[in-house]
Amino acid sequence: MKILAIETSCDETAIAFVECSGGLRAPYVRVLSNLVASQVAVHAPWGGVVPMLAKREHIKNLPEVFGNLNISRLKVNLLAVTVGPGLEPALWAGIEFAKNLQKKLTTNNKRQTTKLLGVNHLEGHLYSFLLSPKLTNLSTYKLKNLFPAVALIVSGGHTILLRVDSLTKWKKLGETRDDAVGEAFDKVARILGLPYPGGPEIEKFAANGNPDAIPFPRPMLHSKDYDFSFSGLKTAVLYYTREKGQKIKEKGARADVAASFQAAAIDVLAAKTERAVREIGARSILLSGGVAANAALRHRLSVVSRRLSVTFIVPPIHFNTDNATMIAVAAYLTHLRKKRYPLRANGTLGI
Ligand code: KG4
Ligand code: ZN
């Protein structure tokens, strides 16, 4: 099944053309084209994503990105578009484009209407583990051996821990009660005067800092549930930097703050994931979302996995941050599950 997927939930205009096969027992993904037009430069002066600017840029970028695909030679079996969660004006840009495209594809091929499917962005992140190189050869790697799994989705809008029993069944264990961890990275970067998006900047600075330099709090580390909270950690960084005054401008001082903040956030994520794996008796950890691009987090969870003798799966970095290939994969699974989402922007759609 050839799937054309469109993703515009935040500040990346992404279109992918992907071939999926194998069904629910052994899904196989072949990426034919994965295109992303980033809006970082447009939002950077504002220090964060401005929803109406994002919408304007998506409307401008979508035809350009689509033009690069050379659609006349492509045969699309399924058209897919993210319907939520995300910024509603941005989501609408993708949905309207997809609806028009559906009409065009149908006019081009009168005998067949191309189906248009709404996709949940969080399911995109969840299913992105199928894009890991470890899973490309399913004959040597039995999918069912991964379940039950513990999935950690860490992005700019979400921090969610799930118990995953199969490709069609999962249960939320916990989530953040305030800021998402990616949001905390972005806000701490801003406090330190680093540009947007902050996550990669914090990671770069942290590489030259001492993670033990400042004992920032580990919020909810010992709480009995699987919830998270990152707003207190962000505030602790704010107070610390205020106290330091001008001294914080020194490169070494900022590196220490970045490293100590990153260590605190990763400690909590890793500890809760580890406890979930132990309690469930999980056989794998599935890490996804933009913050999963962070090498220190990937490393920590790979160490945890080895210690617990479970499989660690994380997609390549370009499939962690927002992309349309993961939306195509989720569309394939949505189609197989016979699940339908209304073709309306839903900013707060859950998983
Ligand atoms: O999944 P994503 O691209 O968009 C959302 O669905 O939110 O995640 C974006 C988030 C941003 O907060 C960004 O700062 C963070 O992921 N991020 C990182 C890194 N790369 C992106 N955070 C920490 N380290 C990184 N290397
Ligand atoms: Zn995302």
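Note that ligands are numbered from 1 as they come in the structure, with each ligand's atoms numbered from 1 the same way. Values reported hereafter were calculated over all heavy atoms of this structure, with side chains retained and with hydrogens, waters and symmetry mates removed. Count residues from 1 along the sequence.
Between Asn120 and Pro85 the shortest side-chain heavy-atom distance falls below 4.5 Å. By the 4.5 Å heavy-atom criterion applied to side chains, Tyr196 and Asp11 are counted as neighbours. A heavy-atom distance below 4.5 Å is found between the side chains of Asp225 and Met220.
Each of the following atoms of ligand 1 lies closer than 4.0 Å to a heavy atom of Gly182: 12 (O). Close approach of ligand 1 to Thr321 is summarised as follows: ligand atoms under 4.0 Å from at least one heavy atom of the residue are 3 (O).
Of the protein's heavy atoms, Gly199 CA, 3.5 Å lies nearest to atom 18 (C) of ligand 1. Here the protein heavy atom with the shortest distance to atom 26 (N) of ligand 1 is Glu203 OE1, 2.7 Å. Among all non-hydrogen protein atoms, the one lying nearest atom 24 (N) of ligand 1 is Asn294 ND2, 3.0 Å. Protein heavy atom at the shortest distance from atom 11 (C) of ligand 1 is Asp186 OD2, 3.5 Å. Nearest protein heavy-atom contact of atom 15 (C) of ligand 1 is Val291 CG2, 3.9 Å. Scanning all protein heavy atoms for the shortest distance to atom 10 (C) of ligand 1 gives Gly156 N, 3.4 Å.
Side-chain contact annotation: His121 with Glu7, donor-acceptor N/O pair under 3.5 Å present. Using modelled atom types, one finds a donor on one side chain and an acceptor on the other under 3.5 Å when comparing Ser229 with Asp178. Between the side chains of Ser223 and Lys272, at least one donor N or O lies within less than 3.5 Å of an accepting N or O.
Side chain of Asn320 to backbone of Val291: no donor-acceptor contact under 3.5 angstrom is found.
When distances to the Zn ion (ligand 2) are checked against a cut-off of 2.8 Å, His158 contributes no N, O or S atom below that limit. Distances from the Zn ion (ligand 2) show that Cys10 has no N/O/S atom below 2.8 Å.
Distances shorter than 4.0 angstrom occur between a heavy atom of His125 and an atom of ligand 1. The closest approach between Gly157 and ligand 1 falls below 4.0 Å for a heavy atom of the residue.
The OG atom of Ser155 sits 12.5 Å away from atom CZ of Phe185, with the distance rounded to the nearest 0.5 Å.
Between Lys60 and Glu64 no salt bridge is recorded (no basic side-chain N to carboxylate O distance below 4.0 Å).
Residue contacts with ligand 1 for Glu12 are absent, since no atom lies close enough (heavy atoms, distance under 4.0 Å). When non-hydrogen atoms are compared, ligand 1 lies under 4.0 Å from the backbone of Asp322 as well as from its side chain. With a heavy-atom cut-off of 4.0 Å, His121 touches ligand 1 through its side chain alone.
Shortest distance from the Zn ion (ligand 2) to Asp322 is reached at OD1 (N/O/S atoms only).
A side chain to side chain contact (heavy atoms under 4.5 Å, CB included) with Leu287 holds for exactly one of Arg298, Arg300, His125; it is Arg298.
More than 12 heavy atoms of other residues, nucleotides or ligands shown are found within 6.0 angstrom of NE2 on His318.
Closest heavy-atom approach to atom 16 (O) of ligand 1 among the candidates Gly290, Ala206, Gly124: Gly290.
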